[in-house]
Amino acid sequence: MSDRYGSDVLAGDWKKPKNGRAVETPAELGAVVEEVETDFVGEIVRIDRDLHTLTLEDRKGKRRTFPLGPGFWLEGKPVILTPPVTRTAPAKPTRTASGSVAVDNVKARVARESRIFVEGRHDAELVEKIWGDDLRIEGVVVEYLGGVDDLADHLVSFKPGPQRRVGVLVDHLVKGSKEARIAESIRRSAVGQHVLIVGHPFIDVWQAVKPGRLGLEAWPNVPRSIEWKKGICQHMGWPHRDQADIARAWKHILGRVNSFGDLEPALLGRVEELIDFVTEPV
């Protein structure tokens with residue numbers, strides 16, 4: 001855990017078991033444990049599986065968040081805390097995550113020649129989660145685009161045409177940006193009429209998730225001197241030391257998204273626009 005944009009308060013080797021041999025014990029809400037490194041004693045009030053963290057609350061109501069694992073005491077014994085295992089049978093959906101009517105026992109359509117390119121791995125995962133069912137029924141393949149700088153080369157290889165349309169979703173497509181200049185250049189090119197480039201105004205696709213889904217009134221402002229995703233993790237009190245921590249943070253955020261209602265309209269409209277473009281009859 002870190003204070004906002006400050007130093008890590010768990011900078012020591014918290015993973016190393018202390019005071020004897022650790023015993024693996026599941027973390028259950030309501031259990032009272034002691035965090036050894038900080039001598040913080042509290043009741044477990046929250047467990048985040050995706051972030052691999054738990055939150056303790058002491059008798060004065062103060063809360064602290066720590067990584068799950070070793071470094072805790074329970075009833076006078078050192079323990080390794082692991083998240084509880086719960087299994088629930090999922091209800092059969094009547095609608096897809098995008099809001100369209102769910103269709104049972106329908107095979108995916110043979111893939112169209114047209115494609116949708118999505119800039120950024122997190123963007124592609126979000127599109128798959130919300131629109132994946134619809135895209136399979138429509139036979140639309142989504143391809144991951146590492147960066148908008150690579151778009152021109154991708155289009156040269158793909159060779160767009162009347163039957164091979166390309167829809168492209170890019171990050172932070174705002175007036176005067178590099179992304180806007182690249183999009184305009186492609187629009188004026190020989191294949192421009194067969195390519196539609198749209199984008200959302202967010203710094204990162206994380207912001208396309210409504211902040212309320214994470215208990216926020218608004219996404220925090222991160223100083224430009226700090227990498228944006230790491231700054232968000234610091235603000236939230238999430239681990240952020242390496243790319244694995246960032247990946248877990250995104251998994252946690254993605255886990256809060258269940259349908260189109262969890263996303264901002266600025267993203268919803270752009271993706272629907274791309275789907276319409278690549279599936280429109282010629």
Side-chain angles (χ1 to χ4, degrees), residues 96-100 108-209 228-229 243 246-247 250-251 253-254 257 259-260 262-282:
T96 67
S98 69
S100 61
R109 174 175 173 161
V110 175
R112 299 172 185 263
E113 291 189 69
S114 299
R115 294 284 189 273
I116 292 178
F117 294 162
V118 177
E119 181 192 12
R121 197 170 302 280
H122 293 174
D123 306 59
E125 290 174 352
L126 186 59
V127 169
E128 163 61 26
K129 183 165 187 178
I130 300 301
W131 290 275
D133 291 338
D134 304 320
L135 293 169
R136 279 183 282 278
I137 290 177
E138 293 289 348
V140 177
V141 174
V142 174
E143 296 187 6
Y144 163 66
L145 180 66
V148 71
D149 293 331
D150 302 327
L151 178 56
D153 290 338
H154 275 66
L155 293 177
V156 169
S157 300
F158 188 79
K159 297 180 174 59
Q163 304 294 332
R164 290 174 62 81
R165 295 182 178 181
V166 176
V168 185
L169 179 68
V170 301
D171 284 338
H172 203 229
L173 186 63
V174 296
K175 186 177 180 180
S177 66
K178 174 187 69 175
E179 290 80 2
R181 292 192 296 271
I182 292 174
E184 179 62 18
S185 175
I186 291 173
R187 187 186 69 80
R188 294 183 178 183
S189 70
V191 298
Q193 62 180 317
H194 309 303
V195 180
L196 175 63
I197 303 174
V198 301
H200 55 71
F202 310 116
I203 296 174
D204 189 275
V205 78
W206 289 19
Q207 285 185 306
V209 178
W228 190 83
K229 289 177 181 176
Q243 193 56 41
I246 300 301
W250 167 242
K251 184 179 179 182
I253 294 171
L254 190 61
V257 177
S259 74
F260 70 97
D262 298 320
L263 302 180
E264 298 288 358
L267 176 67
L268 295 174
R270 303 296 75 73
V271 176
E272 297 289 349
E273 193 176 349
L274 292 178
I275 295 174
D276 289 344
F277 177 75
V278 299
T279 59
E280 183 182 358
V282 179

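- Identified under the salt bridge (charged side-chain N to carboxylate O under 4.0 Å, His left out) test for residues 196-207, with sequence neighbours left out: D204-K229.
- Of all non-hydrogen atoms in P160 and V166, the two that sit nearest each other are CG-CG2, 4.1 Å.
- Taking every heavy atom of both residues into account, F158 and R115 meet most closely at CE1-CG, 3.4 Å.
- Shown here are the salt bridge (charged side-chain N to carboxylate O under 4.0 Å, His left out) partners of E128, two or more places apart in sequence or in another chain: R136.
- Using cut-offs of 30° and 60° on the angle between ring planes, the pair W250 and H122 is parallel.
- To the nearest 0.5 Å, atom CD1 of residue I253 and atom NZ of residue K251 are 13.5 Å apart.
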Steps toward side chain to side chain contact (heavy atoms under 4.5 Å, CB included) verdict (I197, L151):
CA-CA 10 Å; I197 303 174; L151 178 56; 3.7 Å; yes
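- Here the side chains of L196 and R165 are not in contact, with every heavy-atom distance at 4.5 Å or above.
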May I have the step-by-step check of side chain to side chain contact (heavy atoms under 4.5 Å, CB included) for L267 and L169, ending in yes or no?
CA-CA 9 Å; L267 176 67; L169 179 68; 4.1 Å; yes
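- Taken to the nearest 0.5 Å, the NZ atom of K129 stands 4.5 Å off from the CG atom of L254.
- Partner I116 forms a side chain to side chain contact (heavy atoms under 4.5 Å, CB included) with one of I275, V168, V141 and no other, that one being I275.
- Not a single donor-acceptor pair under 3.5 Å links the side chain of D276 to the backbone N or O of E273.
- Side-chain contact between R112 and E138 is present, with heavy atoms from C-beta onward closer than 4.5 Å.
- Counting only residues at least two apart or on different chains, the side-chain hydrogen bond (donor to acceptor under 3.5 Å, both in side chains) pairs with a member in residues 147-157 are D149-K178.
- Counting only heavy atoms from C-beta outward, the side chains of L274 and V140 never approach each other to under 4.5 Å.
- Here the NE2-CD distance, from H200 to E119, works out to 8.0 Å after rounding to the nearest 0.5 Å.
- In terms of heavy atoms, F277 sits closest to Q193 at CZ-O, 4.1 Å.
- Using a 4.5 Å heavy-atom threshold, the side chains of V127 and L135 count as touching.
- Between E125 and R121, none of the side-chain N atoms (NZ, or NE/NH1/NH2) sits under 4.0 Å from a carboxylate O, so this pair counts as no salt bridge.
- Taking the six-membered ring for Trp and thresholds of 30 and 60 degrees, W206 and W228 have ring planes more than 60 degrees apart, a perpendicular arrangement.
- Considering NE2 of H194 and CG of L155, their distance stands at 11.5 Å, rounded to 0.5 Å.
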Run the numbers on F202 and E264 for side chain to side chain contact (heavy atoms under 4.5 Å, CB included), then give the verdict.
CA-CA 10 Å; F202 310 116; E264 298 288 358; 3.7 Å; yes
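- Contact of the I130 side chain with the V271 side chain is not registered, since no non-hydrogen atoms from C-beta on lie closer than 4.5 Å.
- Checking each of L173, V198, V170 against R270 for a side chain to side chain contact (heavy atoms under 4.5 Å, CB included) leaves exactly one that passes, namely V198.
- Taking OG from S189 and CZ from R187, the interatomic distance works out to 10.0 Å, rounded to the nearest 0.5 Å.
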